Amino acid sequence: MDLESIKTIQGELSEIIGVSGYEKPVVDYIIPHIEGYVDKFWIDRLGSLLVVKNGNSTSDTPEKIMLDAHIDEIGFMVSHIEKKGFLRFVPIGGWDTRTLLGQAVKVLGDNSRSHDGIIGSKPPHLTTEAERKKPLEIKDMYIDLGMNETELQEAGISIGSTGTLYDPFVDLGNGMIRGKAFDDRTGVNILIHIIREFSQISHENTLVFSFSTQEEVGGRGAATATAQLNPTMAIALENTTAGDVPGIPDAECPAYIGKGPAITVADRSMLAHPMINRRLIENARMEGIPFQIKKPIFGGTNAGRIHQIGEGVPASVVSVPCRYIHSPTSLLALSDIHHSIRMISVFIRNPAGIK
Ligand code: CO
């Protein structure tokens with residue numbers, strides 16, 4: 001595994017548009033990257049890509065380790081078309097509304113063809129001072145694709161069409177990268193690298209992977225995935241907020257860029273299983289993998305759904321810290337992805353004893 005391959009796959013995944021409920025382009029990217037490295041894969045009825053890689057355990061009941069990453073990203077849906085072709089929209093997932101105005105967007109039309117536009121609102125020199133002081137809401141904004149109603153129709157853009165903010169992937173050259181949808185294409189990247197690595201290395205336990213749909217609207221794909229995969233333990237691979245920016249006191253900073261993967265102890269959706277965390281931490285210390293404990297109790301992840309399915313699934317979360325999550329573009333350190341892959345790889349070879 002090398003940083004070059006981590007960077008290439010991260011860049012390609014980042015630029016794919018796959019808003020919650022419309023993730024097929026992401027699945028189409030992943031399949032050729034894992035085909036031939038696994039025993040079985042299928043797409044479930046909610047669109048998640050599920051993968052099985054058998055181990056060589058002689059036990060009748062080997063551990064079944066589930067590794068999850070969500071493939072959707074936040075975006076928007078067209079809710080109304082104004083005369084002259086301006087698109088009103090509603091968010092899918094939680095945007096930081098303050099960051100939307102003036103941003104470049106892509107809206108999908110027929111055959112998943114994307115169309116470029118911009119988020120606009122009433123121009124500043126036509127607003128009153130009182131209006132300018134009021135925070136803008138999404139209902140005050142629109143998307144301008146530079147198209148009239150007929151052109152929209154021809155492109156197949158209508159109420160219900162989806163899209164998202166678009167910023168191309170950038171390698172900042174010092175081990176830092178910038179791009180859209182790092183939440184959670186980063187987790188997808190980690191799983192692809194783990195799948196490839198363990199096609200070469202024998203492992204005892206069964207590995208099951210879920211590339212889950214619809215996380216950003218409440219972990220929906222992860223719930224159906226878990227029901228099918230029936231794991232004995234699970235780790236969600238995520239992106240988490242790096243709060244190491246001006247204006248945030250240390251006590252309120254969930255995680256820091258460049259200090260290694262962040263292990264969740266508790267967030268708003270789950271109390272992580274202590275045995276999994278203990279093993280993650282012991283392994284990391286043994287192998288000299290840098291890590292941090294994510295400060296509770298921010299955010300929620302697919303693990304919040306996964307651990308409540310069936311008889312219950314002991315679960316935790318390993319996250320790559322990322323600045324400016326849920327805004328048009330975000331920033332992270334390649335080394336944090338690299339160390340997350342190492343952390344999961346060691347865990348697979350030496351998982352927690354839960355039974
Ligand atoms: Co996420």
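Keep in mind that the numbers below use all heavy atoms, side chains included, and drop hydrogens, waters and symmetry copies. We count ligands from 1, going down the list as the structure has it; atoms in each ligand are counted the same way. Being a predicted model, the structure only gives us computed values, none of them experimental.
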> Can we say E197 and R349 salt-bridge, meaning some charged N sits less than 4.0 Å from an Asp/Glu carboxylate O?
Replying inline: yes

> Salt bridge check: are R88 and E82 linked by an N-O gap of less than 4.0 Å?
Replying inline: yes

>> Can you give me the closest heavy-atom contact between T213 and E23, atom names plus distance?
In response: CB-OE2, 3.2 Å

>> If you count every heavy atom of other residues, nucleotides or ligands that lies below 6.0 Å from K64 atom NZ, does the total exceed 12?
In response: yes

> How does the hydrophobic cluster around W42 look, that is, which other residues are in it when side-chain heavy atoms under 4.5 Å mark a link?
Replying inline: L50, V52, M66, V208, L229, I306, V313

>> Tell me whether the count of non-hydrogen atoms from other residues, nucleotides or ligands lying under 6.0 Å of CG in N111 goes above 12.
In response: no

>> So, with waters excluded, how many protein N/O/S atoms does the Co ion (ligand 1) have closer than 2.8 Å?
In response: 4

